[in-house]
Amino acid sequence: MDALKLIANDCIKAEPPKFEIGDTVRVSVNIREGSRERIQMFEGTVIAKKGSGVSETFTVRRVSYGVGIERVFPLHSPNVVDVKIVRSGKVRRAKLYYLRDRVGKAAKVKENIK
């Protein structure tokens with residue numbers, strides 16, 4: 001078990017991005033298309049964080065052209081280049097799966113004013 005932890009510690013990012021559930025984030029993802037690489041942005045609301053250590057993931061949801069899109073990103077993946085907080089959300093739940101059933105303004109998260 002210690003050998004697995006040693007290997008996992010090499011993969012963990014030194015400073016993982018700090019964000020919470022309900023925050024609207026812009027995730028920069030490295031996309032490989034053949035021999036070329038480019039950075040694609042995915043902006044949405046963080047509805048879940050799962051796991052710990054090297055296997056920690058977060059789920060980002062957005063609505064595009066009336067269709068809900070969710071992507072799960074590994075936090076310590078080398079393909080996740082950057083995570084920037086666009087706005088901070090004020091929520092009282094650990095998982096925001098209830099946003100899947102909501103449409104329009106009801107699907108928005110209130111902004112946390114500091």
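All values below come from the heavy atoms of this structure, side chains included, with hydrogens, waters and symmetry mates left out. Owing to the predicted nature of the structure, the values given are computational and were not obtained by experimental measurement.
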Identify the heavy atoms of [X] and [Y] that sit nearest to each other, and give their distance.
X: V46; Y: E20; answer: CB-O, 3.8 Å
X: V91; Y: G22; answer: CG1-CA, 4.1 Å
X: G53; Y: H76; answer: O-CD2, 3.1 Å

Is it the case that over 12 heavy atoms from other parts of the model lie below 6.0 angstrom from the [atom1] atom of [X]?
X: K108; atom1: NZ; answer: no
X: R38; atom1: CZ; answer: yes
X: R87; atom1: CZ; answer: yes

Heavy-atom distance under 4.5 Å between the side chains of [X] and [Y], does that happen here?
X: E56; Y: I12; result: no
X: E111; Y: S88; result: no
X: L75; Y: K13; result: no
X: E37; Y: I31; result: no
X: I113; Y: K90; result: no
X: I39; Y: D82; result: no
X: I85; Y: T24; result: no
X: R62; Y: F42; result: yes

Can you list every ring pair (Phe, Tyr, Trp, His ring centres under 6.0 Å) pair that touches residues 94-114, not counting sequence neighbours?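 Sorted pair list comes back empty.
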Any ring pair (Phe, Tyr, Trp, His ring centres under 6.0 Å) involving residues 45-66? Give me the pairs, sequence neighbours left out, ordered by first then second residue.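 Qualifying pairs, neighbours excluded: F19-F58, F58-F73.
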Reported [atom1]-to-[atom2] distance for the pair [X] and [Y], which is rounded to 0.5 angstrom:
X: R26; Y: M41; atom1: CZ; atom2: CE; result: 5.5 Å
X: T57; Y: K49; atom1: OG1; atom2: NZ; result: 10.0 Å
X: K110; Y: R92; atom1: NZ; atom2: CZ; result: 10.0 Å

Side-chain heavy atoms under 4.5 angstrom apart, residues restricted to Ile, Leu, Val, Met, Phe, Trp, Tyr: same cluster for [X] and [Y]?
X: V86; Y: V80; result: no
X: V72; Y: V67; result: no
X: I69; Y: V29; result: yes

Checking side chain to side chain contact (heavy atoms under 4.5 Å, CB included) for the pair I47/V60: CA distance, chi angles, key distance, verdict? CA-CA 6 Å; I47 63 168; V60 180; over 6 Å; no
Output, in order, the C-alpha distance, side-chain angles, deciding distance and verdict of side chain to side chain contact (heavy atoms under 4.5 Å, CB included) for L96 and I21. CA-CA 8 Å; L96 304 181; I21 308 294; 3.6 Å; yes
